[in-house]
Amino acid sequence: MASRAFTAFQLTASLLVALLATCHAGSIAIYWGQNDGEASLAETCASGNYEFVILAFLPQFGKGQTPQLDLASHCDPSSGGCRSQSKDINSCQNRGVKVLLSIGGADGSYGLSSPRDASQVAMYLWNNFLGGTSSSRPLGDAILDGIDFDIEIGGAKFWNNLATDLKKLGKNGGKTVLLSAAPQCPFPDQWDGGAISTGLFDNVWVQFYNNQECQFDAGRAAFMDAWNKWVSVPAGKIFLGLPASSSKDAAGTGFIPADELTSRVLPLIKGSPKYGGVVLWSKYYDDRSGYSSAIKSYV
């Protein structure tokens with residue numbers, strides 16, 4: 001009897017551990033589109049490594065400007081060449097991968113001048129990339145799953161209006177619009193902070209790189225202080241943002257070797273109820289390092 005009771009206890013404990021692991025299991029998100037020589041969008045999703053693929057970028061919009069998509073050498077939007085990506089986007093979504101468009105970036109010409117400007121940009125995004133209709137959809141007929149706010153220049157005002165308008169358009173149009181943001185790890189973020197505070201964001205992928213005061217090599221205390229501040233925001237899930245390679249072209253600072261990430265960093269944050277996983281910059285560097293494959297089973 002004692003032996004059987006112990007076996008039953010072990011089984012119950014094992015199931016509990018498995019359940020807890022599942023509850024805190026994360027996913028990997030990847031930025032795609034800004035480098036020559038990276039895998040195609042369809043190949044990226046077929047790898048099975050990613051739950052989210054973020055198309056980078058729409059670096060020109062707002063303040064009366066004509067919005068402009070930039071996917072580097074993958075396609076030329078000015079000639080309609082990016083409409084061919086529609087097939088790949090559909091392929092990704094058929095595999096269960098969410099595809100978002102990132103607006104902004106470190107370089108570009110963008111910003112919002114007023115709530116009305118935000119409303120106009122939201123309508124443009126809805127009609128040209130989301131569930132609306134337009135005769136000039138840059139990515140063809142594919143309907144993206146959402147919009148990523150990677151705001152690094154152009155002013156901090158009215159991004160909350162844009163987020164609110166996008167969610168309203170999705171609700172009224174019967175199509176859920178996922179919202180994500182990519183703030184820097186110093187808290188609060190000077191660009192995305194106001195938008196994130198709306199509570200409308202499903203995922204926040206915090207850039208714990210090129211920010212020496214709060215990335216992991218600043219020390220455990222500084223890193224965890226920043227992480228704990230970010231998990232306090234009113235958002236669905238918080239992701240750890242990292243470069244996928246030690247190459248200085250990927251990021252100046254903040255790279256964490258895969259074995260160190262899995263043994264020292266993830267154990268610190270996976271217990272957070274809002275832990276979502278890891279987001280990587282970018283597919284090009286991941287192709288060369290194999291980083292996502294090395295960490296996938298631990299995320």
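Atoms considered below: every heavy atom in the structure, side chains included; atoms not considered: hydrogens, waters and symmetry mates. The residues of the chain are indexed from 1 along the displayed sequence.
In this structure, the separation between CE on Met123 and OG on Ser134 is 12.0 Å, given to the nearest 0.5 Å. To the nearest 0.5 Å, atoms OG (Ser84) and CD1 (Ile89) are separated by 9.5 Å. Atom NZ in Lys283 sits 9.0 Å away from atom SG in Cys45 (nearest 0.5 Å). Distance check, rounded to the nearest 0.5 Å: CD1 of Ile143 to CH2 of Trp126 gives 8.0 Å. The distance from the NZ atom of Lys63 to the CG atom of Leu112 is 8.0 Å, given to the nearest 0.5 Å. If you take NZ on Lys87 and SG on Cys92, they are separated by 12.5 Å, rounding to the nearest 0.5 Å.
For the pair Gly254 and Leu242, the tightest heavy-atom approach, listed with the atom from each and the gap, is O-CD2, 3.9 Å. Scanning both residues, Asn90 and Ala142, for their nearest heavy atoms gives OD1-CB, 3.9 Å. What you find for Ala156 and Gln190 is that their closest heavy atoms are CB-O, 3.1 Å. When all heavy atoms of Ala258 and Ile295 are compared, the pair lying nearest together is CB-CG2, 3.9 Å. Shortest non-hydrogen contact noted between Ala42 and Asp88 is N-OD2, 3.2 Å. For the residue pair Lys270 and Tyr298, the shortest heavy atom distance occurs at NZ-O, 2.8 Å.
Considering Tyr50, Tyr291, Trp281 in turn, Tyr50 is the only one that fulfils the side chain to side chain donor-acceptor pair (under 3.5 Å) rule with Asp286.
Asn210 contributes a side-chain N or O that, together with a main-chain N or O of Gly252, makes up a donor-acceptor pair within less than 3.5 Å. Not a single donor-acceptor pair under 3.5 Å links the side chain of Asp225 to the backbone N or O of Ala221. A donor-acceptor pair under 3.5 Å is formed between the side chain of Arg137 and the backbone N or O of Gly132.
No donor-acceptor contact under 3.5 angstrom links the side chains of Asp141 and Ser86, judged on distance only. Checked by atom type, the side-chain pair Trp32/Ser282 shows no donor-acceptor distance below 3.5 Å. Looking only at atom types and distance, the side chain of Gln184 has no donor-acceptor partner in the side chain of Asp189 under 3.5 Å away. For the residue pair Gln34 and His74, no side-chain donor N or O sits within less than 3.5 Å of a side-chain acceptor on the partner. Counted by atom type alone, Ser73 and Asp36 present one or more donor-acceptor pairs between their side chains at under 3.5 Å.
Contact check for Asp150 versus Gln207: side-chain heavy atoms found under the 4.5 Å cut-off. You'll find the side chain of Thr44 stays beyond 4.5 Å of the side chain of Asp287, heavy atoms only. For the pair Pro183/Ile196, a side-chain contact is recorded, criterion being any heavy-atom separation below 4.5 Å from C-beta on. Side-chain atoms of Cys82 and Leu69, non-hydrogen and from C-beta on, do get closer than 4.5 Å to each other. Contact check for Leu71 versus Leu139: side-chain heavy atoms found under the 4.5 Å cut-off. The shortest distance between side-chain heavy atoms of Glu51 and Ile28 does not fall below 4.5 Å. Contact of the Val279 side chain with the Leu240 side chain is not registered, since no non-hydrogen atoms from C-beta on lie closer than 4.5 Å. The side-chain heavy atoms of Asn211 and Thr253, taken from C-beta on, include no pair separated by under 4.5 Å.
When the shell of 6.0 Å around CZ of Phe187 is examined, it contains more than 12 heavy atoms from other residues, nucleotides or ligands. Counted within 6.0 Å of NZ on Lys274, heavy atoms from surrounding residues, nucleotides or ligands total more than 12; the atom is thus considered enclosed.
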Tabulate below the donor-acceptor pairs under 3.5 Å that side-chain atoms of residues 98-109 make, not counting sequence neighbours, or state none.
residue	atom	partner	partner atom	Å
Ser102	OG	Asp148	OD2	2.7
Ser109	OG	Gln65	OE1	2.5
Ser109	OG	Gln65	NE2	3.4

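Scanning for side-chain contact (heavy atoms from CB on, under 4.5 Å) contacts around Asn49 gives Ser47, Ser292, Ser293, Lys296, with sequence neighbours left out.
Listed by first and then second residue, the salt bridge (Lys or Arg N to Asp or Glu O under 4.0 Å) pairs that reach into residues 245-264 are Glu260-Arg264, sequence neighbours excluded. The disulfide bond (SG atoms under 2.5 Å apart) contacts involving residues 250-299 comprise nothing, where partners must be two or more places apart or lie in separate chains. Applying the disulfide bond (SG atoms under 2.5 Å apart) test to pairs two or more places apart or on separate chains, those with a residue in residues 166-239 are Cys185-Cys214. Each ring-ring contact (aromatic ring centres under 6.0 Å, His included) pair with one or both residues in residues 83-114, not counting sequence neighbours, appears once here: Phe61-Tyr110.
The six-membered or imidazole ring of Phe239 lies away from that of Tyr275, with a centre-to-centre distance of 6.0 Å or more. Note: Phe223 and Phe208 meet the aromatic proximity criterion, with ring centroids under 6.0 Å apart.
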| message | Between Leu266 and Ile269, is the side-chain contact (heavy atoms from CB on, under 4.5 Å) condition met? List the steps. | response | CA-CA 5 Å; Leu266 292 181; Ile269 64 176; 4.2 Å; yes
Please determine whether side-chain contact (heavy atoms from CB on, under 4.5 Å) holds for the pair Met224 and Leu268, giving the CA-CA distance in whole Å, both sets of side-chain angles, and the decisive distance to 0.1 Å. CA-CA 8 Å; Met224 287 306 299; Leu268 295 176; 3.8 Å; yes
| task | Evaluate side-chain contact (heavy atoms from CB on, under 4.5 Å) for Lys167 paired with Leu179, printing each intermediate quantity in order. | result | CA-CA 8 Å; Lys167 282 291 190 181; Leu179 293 182; 3.7 Å; yes
Practice item. Could you please spell out the steps behind the side-chain contact (heavy atoms from CB on, under 4.5 Å) verdict for Thr198 and Phe201? Key: CA-CA 8 Å; Thr198 62; Phe201 282 76; 4.1 Å; yes
Worksheet item: Is there a ring-ring contact (aromatic ring centres under 6.0 Å, His included) between Trp205 and Phe52 once you walk through the steps?
Response: CA-CA 11 Å; Trp205 5 81; Phe52 301 92; 5.5 Å; yes
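Cluster membership check: Trp159 shares its hydrophobic cluster with Val177, using side-chain heavy-atom separations under 4.5 Å among Ile, Leu, Val, Met, Phe, Trp and Tyr. Linking ILVMFWY residues whenever their side-chain heavy atoms come closer than 4.5 Å, directly or via other members, places Leu125 and Leu169 in the same cluster. Linking Ile, Leu, Val, Met, Phe, Trp and Tyr residues whenever their side-chain heavy atoms come within less than 4.5 Å places Val206 and Phe255 in a single cluster. Follow the hydrophobic side-chain contacts under 4.5 Å out from Leu41 and you never reach Leu178; the two are in separate clusters. Val278 and Val204 fall within a single hydrophobic cluster, where Ile, Leu, Val, Met, Phe, Trp and Tyr are joined by side-chain heavy atoms under 4.5 Å apart, directly or via other members.
Taking the ring axis of Phe216 as reference, the NZ or CZ atom of Arg220 does not stay both within 45° of it and closer than 6.0 Å to the ring centre.
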